[in-house]
There are 2 protein chains.
Amino acid sequence: MSIQTRRERERAERERLIVTAARELAEAEGWDAVTTRRLAAEIEYSQPVLYSHFKGKGAIMAAVAVEGCAELAAELRAARPAARDTRAALRAVGKAYTAFARRRPALYDAIFTHAVDLPFATPEAPAALWDAFNELAAAVKPVAAEGDDPGLLTETYWASLHGLVTLMRSGRLPEGAHERRLELLIGHFAVGAD
Amino acid sequence: MSIQTRRERERAERERLIVTAARELAEAEGWDAVTTRRLAAEIEYSQPVLYSHFKGKGAIMAAVAVEGCAELAAELRAARPAARDTRAALRAVGKAYTAFARRRPALYDAIFTHAVDLPFATPEAPAALWDAFNELAAAVKPVAAEGDDPGLLTETYWASLHGLVTLMRSGRLPEGAHERRLELLIGHFAVGAD
DNA sequence: TAGATTGTCTAGCGGTGCTAGAATCCGGAG
DNA sequence: CTCCGGATTCTAGCACCGCTAGACAATCTA
């Protein structure tokens with residue numbers, strides 16, 4: 001049993017090595033630079049080793065996405081309780097969310113733009129994803145009017161943040177006015193609450 | 001002069017042929033299917049011909065994007081005047097925008113997610129892009145509170161629509177609830193106006 | 001120590017965007 | 001009508017991609 005467990009441990013360690021290397025490479029040079037050859041060289045193994053751990057490049061990105069999502073959830077969680085009223089809570093998570101996207105663009109892309117083979121919006125979705133969503137939901141819930149589905153409202157607020165982030169990061173919205181756009185968004189979502 | 005003009009005309013025709021073929025191929029099978037080889041075969045010329053017209057694949061996508069943007073602008077323009085009040089106008093352009101994205105996903109991606117080498121949010125941006133933006137702006141302007149920059153508010157509404165569309169199309173938001181999310185968004189943007 | 005099993009690597013497939021240089025076509029001069 | 005020069009188009013190839021079959025090496029079992 002000892003040998004088997006040692007092998008499994010070594011395998012798990014190497015798997016983490018792969019995910020970490022992919023993440024660092026992506027954060028340093030973008031996902032375009034993360035090729036299977038480059039990644040293999042980085043971990044000092046040959047290409048096929050990657051495929052003995054993951055089904056393909058997409059699966060590696062998905063693993064990075066889950067890891068990154070935990071980080072996002074943690075940052076949202078840290079930001080929310082500091083707010084005193086509901087508007088401040090909306091602002092806090094909004095700022096934390098967009099700040100994460102700007103500070104860790106590769107991570108954000110892995111979670112929310114690239115890797116499609118992650119289950120979303122179902123119970124099978126990764127726990128980290130639900131954690132992040134629930135942080136948003138906790139901030140959004142107080143502004144839900146009677147008859148509004150809080151979950152749907154959270155999705156809507158999330159989508160708005162996502163739109164701001166992606167359009168800005170792709171150069172379609174000027175970065176300079178980001179704070180003001182975010183404030184406008186919050187203003188329209190927080191109306192009726194105080 | 002006659003020969004020269006004929007050649008220029010033929011060149012222009014072929015350029016349109018390229019853009020049209022790229023667009024049709026993308027709409028039929030997605031942008032992944034639009035390779036330079038495939039596109040060359042489609043127009044019955046060799047690959048290098050593409051590069052005598054466009055700097056690269058990105059430039060071809062940009063040309064398709066501009067063309068598609070004119071279509072989007074036309075659909076937004078057609079939708080707006082039918083609305084009687086400001087909330088209905090917001091709803092009309094919102095529905096038209098998201099309907100376009102769902103009906104012509106390849107076109108939408110060319111305009112708003114892929115091709116980055118198009119100038120946005122500057123006077124140099126393609127006229128069709130400004131047309132589309134101005135249609136949105138016309139619907140948004142009436143809901144701008146005193147002190148709100150109508151342009152920024154339009155950008156924010158646009159970003160929200162974009163977020164809804166992209167998250168839905170990538171499978172991160174369930175499609176079924178789209179209409180309700182859109183209604184929630186409109187409700188929060190149209191508040192105070194009627 | 002011999003054999004079986006597990007793991008890893010080398011080499012290669014079919015594909016991508018893009019380009020240098022050869023081949024071809026065509027209008028205009030003699 | 002012929003032949004030349006320049007513009008145009010094609011063939012062939014580069015370096016890279018994700019991915020994999022099959023040869024090889026290392027390790028454990030008996």
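Computation of the quantities below employed the complete heavy-atom set of this structure, encompassing side-chain atoms and omitting hydrogens, waters and symmetry-equivalent molecules. Chain letters run A, B, ... following the sequence lines, proteins first, then strands; residues in each count from 1.
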Distance-only criterion, 3.5 Å: show the donor-acceptor pairs between side-chain atoms of residues 121-128 of chain A and protein atoms not counting sequence neighbours.
| from | atom 1 | to | atom 2 | distance (Å) |
| --- | --- | --- | --- | --- |
| A:T122 | OG1 | A:E124 | N | 3.2 |
| A:T122 | OG1 | A:E124 | OE1 | 3.1 |

Can you check the [X] [atom1] to [N] [atom2] distance for me, whole Å?
X: B:R38; N: C:dC18; atom1: CZ; atom2: P; value: 18 Å
X: B:L50; N: D:dT8; atom1: CG; atom2: P; value: 16 Å
X: B:Y51; N: D:dT11; atom1: OH; atom2: P; value: 16 Å
X: A:E10; N: D:dA26; atom1: CD; atom2: P; value: 16 Å
X: A:Y45; N: C:dC9; atom1: OH; atom2: C1'; value: 12 Å

[X]: partners by salt bridge (Lys or Arg N to Asp or Glu O under 4.0 Å), with sequence neighbours left out:
X: B:R77; value: B:E135
X: A:E71; value: A:R23, A:R104
X: B:E175; value: B:R102
X: A:R14; value: none

Can you tell me which residue pairs pass the salt bridge (charged side-chain N to carboxylate O under 4.0 Å, His left out) test with a partner in residues 48-62 of chain A, sequence neighbours excluded?
->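 Salt bridge (charged side-chain N to carboxylate O under 4.0 Å, His left out) check on residues 48-62 of chain A returns no pairs.
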Aromatic plane relationship, A:H188 with B:F189 - under 30° parallel, 30 to 60° tilted, over 60° perpendicular =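 The arrangement is parallel - the two ring planes meet at less than 30°.
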Classify the ring geometry between B:Y108 and B:H162 as parallel (under 30°), tilted (30 to 60°) or perpendicular (over 60°).
-> parallel
More than 12 heavy atoms of other groups within 6.0 Å of A:R103 CZ | yes
Does anything in residues 53-62 of chain B reach DNA chain C, meaning a heavy atom under 4.0 Å, and if so which residues?
-> B:G56, B:K57
DNA chain C contacts among residues 12-36 of chain B, heavy-atom distance under 4.0 Å | B:V34, B:T35, B:T36
So, A:E67 and A:R16, do they make that salt bridge, N to O below 4.0 Å?
-> yes
Considering residues at least two apart in sequence or located in another chain, which fulfil the side chain to side chain donor-acceptor pair (under 3.5 Å) criterion with A:Y157?
-> none
Which pairs pass side-chain hydrogen bond (donor to acceptor under 3.5 Å, both in side chains) with one or both residues in residues 142-153 of chain B, sequence neighbours excluded?
->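 Checked against side-chain hydrogen bond (donor to acceptor under 3.5 Å, both in side chains) - neighbours excluded - no pair reaches residues 142-153 of chain B.
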Regarding B:S170 and B:R172, is there a side-chain donor-to-acceptor distance under 3.5 Å anywhere?
-> yes
Axis-to-axis angle between the two ends of the helix from C:dT1-D:dA30 to C:dG30-D:dC1 (five base pairs per end, rounded to 10 degrees) | 30°
Check: protein-nucleotides 10-13 of chain C nitrogen or oxygen pairs below 3.5 Å:
none

